Amino acid sequence: MPRTTTLDCPGCPPFRALTFDSLGLVKVVEAREKQVAVPRVVDRWGEPDSSKCVLAVSLTDRKSDPLLAVARKNGQVEVLNPVNGDLQAAIVNINDTDIRSEENAIVGLHLFAKQNLELASRSCTLMTCSTKGNASVKSIELTNSSTESICVGSSKTWSVCAGGNITCCKVDGSEKYALFGGKGVEVNFWDLDNCSKIWNAKSPPANSLGIFTPTWFTCATFLGKDDHRKFVAGTNSHQVRLYDISAQRRPVISFDFRETSIRAVAEDINGYSIYIGNGSGDLASVDMRTGKLLGCFTGKCSGSIRSIVRHTELPIIASCGLDSYLRIWDTKTRQLLSAVFLKQHLMHAVFDYNFNSEG
Amino acid sequence: MGGKRKKSDAEDDESSLAGKDDGQGSKSNKKMKMEVLPSMIKNKEKRSAVHAKLKQQKKLEKRKKAKARETAEKRALELGEEPPEKKVPRTIENTREADETVCKPDDEELFAGNDADEFSSVLKRQQTPKILITTCRFNSTRGPAFISELLSVIPNSHYYKRGTYDLKKVLEYAKNKDFTSIIVVHTNRREPDALLIIGVPDGPTAHFKLSKLVLRKDIKGHGNPTGHKPELVLNNFTTRLGHRIGRLIQSLFPQDPEFKGRRVVTFHNQRDFIFFRHHRYIFETRESKKANSEGKAKDSKGEIVPETKTIVRLQECGPRFTLKLISLQHGTFDTKGGEYEWVHKPEMDTSRRRFFL
């Protein structure tokens, strides 16, 4: 007898996730029930507008006063309340020095979790980085209005690279260091306190045929929360590299994964395994101590993966991408727990860890 | 199956009467099957005889059923009752696996997405489509013939020799010359076997497998198309992916058809295969059947007005081919670092009732 219904996915534990799509919408996905929950969209923030396409997202997850920063295509950075989506602050043009343009879109955004002591409590500190390599750290005041917020305190701006395009930017767990990499830019390591470059990667040597693959980093992540020295970067030539800044300037481990470019890398909480996603929708987890593939996540994922997030408490990861599905996977069994169709090309996803299903 | 049910019945302490009946029924059924099943007979002659007999029986039964249905319908008509409902056969299409990505007509996000996508400037007539057709590096026999027919199908399309240019160079050229799409016909062993449709300047890139190509001259009684802008029919592009593919195809054709030309180009999607047909049509008025008109004429008893009926006649113009989507890439052609919106993977073929377009 032919099957006429779709296969049901086993439900997933209760969670709350926010997804950001190419029309600038923020959708809240929640799974509420205790045991076997089916996640569904509970809320949608914003109006569909292609110029508000989300480029970068950062969430500070605190019990009190959590904040969510969203960088949009039109050069705007908005600070939202991740609980109800209220706009807390908005900066129209983050880089005062250059013109807003397609080429100078924001690629990296980080909202500092540590409160700056000398400033008032109603403010937050943001680090942004644009494609051309203009990084800046700013403090802004939260005003609850959509008009332009005022910058308070010190704002630092510096240039990360001379040429090339930055595509990935990451701040480590202690929020003292940041790394930048991109097309034609080797991975840079910066000290955020005094804006100085500490370390610069060296491109791997040409192969036995003398062919040199041009540098093109697409994504990067730190391996552990408290160790800023080790990080993993994915390249456009489907290579995953582990760098250790205390060891050498060339990658410690480097291996290939499938045939299309690596698009997303996320670290696990155990500090040695990572999750990688590529341009044709393959998702896998890798043990970075050995560089061995632990296993692939199979579940009919057909579009490029843009973002992978690991839940800090539950053993689940979420992946989203161009196939407009938010998929929840079990990290242990590597099984698809559930998938939610969200209609647009998804750019990012974040978990809200402070969610309790009773609330 | 029968055996199993019987076992469960035996296990059941409170086996009801119906249950017992069922068990017996299945038992007798099993016996009959044991007797009849032709495949169990080893002697071929006997087996074929039994098989033929069975077949004959089935045929008779079917005929009887059809007759009974017909009489029931007739009687219902005579009595002025509602005729019994016609049974709809179960096909693979109408038992398709439920898909949440199927577009709904009242989805505002869909329309907002449409407004923002790459084709909207062409589809809103802000830009006239201009198509560049080229081939793979080696191209002979059926390839050029197919291209010359494509040129007659798609208005404002231009053929450029591929030469030894990279596809990315061709793309750059097309961008500079304000083309809106590129079609690459890929041939293998002198037979076109793949079609690449690239949106210019920023994607997407759709890769189709091309099969069952019949050129115009091989179609019996084919017509020759005129130079008018054709009408476009896109059938069954239901899901989000299908919708996108439909829009990609739509953006190849001008959005203002000349109905005078009576020329229609059809892309019909059925079970993920996209069938391409190209027709000319004509509406003709003809006198309808005599028996009917006579009856009417008797009623009116006077001027005999010949009852007329418009009929449509179709003539196929060719070419005729079938497309199957292999991948849809985000952005323009880039095999190394490209991101895919959709790729066909073998693990997705879990059921033959599952379709993606």
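Computed from heavy atoms alone, side chains included, the values below leave out hydrogens, waters and symmetry copies. Here is the naming used below: chain letters follow the sequence lines, and residue numbers restart at 1 for every chain. Because the structure is predicted, anything quoted here is derived from the model rather than measured.
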Query - Part of L25(A) lying under 4.5 Å from any heavy atom of chain B - result: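 It is the side chain, since no backbone atom gets that close.
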Using atom types as modelled, flag every donor-acceptor pair under 3.5 Å from a side chain in residues 118-125 of chain B to any protein atom, sequence neighbours excluded.
residue : atom : partner : partner atom : Å
E118(B) : OE1  : R244(B) : NH1          : 3.4
E118(B) : OE1  : R244(B) : NH2          : 3.2
E118(B) : OE2  : R244(B) : NH2          : 3.3
S120(B) : OG   : D115(B) : O            : 3.1
S120(B) : OG   : D117(B) : O            : 3.2
S121(B) : OG   : Q127(B) : OE1          : 2.8
R125(B) : NH2  : Q255(B) : O            : 3.3

Enclosure of [X] [atom1] (heavy-atom neighbours >12, cutoff 6.0 Å):
X	atom1	result
H344(B)	NE2	yes
Y165(B)	OH	no
K130(B)	NZ	yes
F138(B)	CZ	no

Query raised in the report: Q329(B) versus chain A, heavy atoms under 4.5 Å apart: side chain, backbone, both or neither?
Result: neither
Report task. Could you give me the CA-CA distance, side-chain angles and deciding distance for D282(A) and K345(B), then say whether side-chain contact (heavy atoms from CB on, under 4.5 Å) is met? Result -> CA-CA 10 Å; D282(A) 302 309; K345(B) 287 183 185 173; 3.1 Å; yes
Report task. State the CD-OG distance between E341(B) and S302(A), to the nearest 0.5 angstrom. Result ->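 The CD atom of E341(B) sits 10.0 Å away from the OG atom of S302(A).
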Query raised in the report: To the nearest 0.5 Å, what is the distance between OH (Y340(B)) and OG (S261(A))?
Result: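 Y340(B) OH to S261(A) OG: 9.5 Å, rounded to 0.5 Å.
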Query raised in the report: Can you tell which of S324(A), G303(A), S237(A) has the highest number of heavy-atom pairs within less than 4.5 Å of chain B?
Result: G303(A)
Query raised in the report: Looking at E259(A), R306(A), H238(A), which has the largest count of heavy-atom pairs under 4.5 Å with chain B?
Result: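 So the answer, after comparing E259(A), R306(A), H238(A), is R306(A).
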Query raised in the report: Counting only N and O atoms by type, is there a donor-acceptor contact under 3.5 Å from the side chain of K336(B) to the main-chain atoms of N236(A)?
Result: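 The answer is no, because no donor-acceptor pair under 3.5 Å joins these two groups.
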**Report entry** All side-chain hydrogen bond (donor to acceptor under 3.5 Å, both in side chains) counterparts of T260(A), not counting sequence neighbours
**Finding:** N278(A), S280(A)
Query - Positions in residues 202-211 of chain B that reach chain A, provided some heavy atom is under 4.5 Å away - result: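 Heavy-atom contacts from residues 202-211 of chain B to chain A are absent.
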Query raised in the report: Can you pull the side chain to side chain donor-acceptor pair (under 3.5 Å) pairs that have at least one residue in residues 42-54 of chain A, sequence neighbours excluded?
Result: D43(A)-W45(A), R44(A)-E109(B), D49(A)-S51(A)
Query raised in the report: Does L110(B) reach the side chain of K343(A), with side-chain heavy atoms less than 4.5 Å apart?
Result: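 Sidechains of K343(A) and L110(B): no contact.
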Query raised in the report: Is Q344(A) close to R240(B) at the side-chain level, that is, under 4.5 Å between some pair of heavy atoms?
Result: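 SC-SC contact between R240(B) and Q344(A) confirmed.
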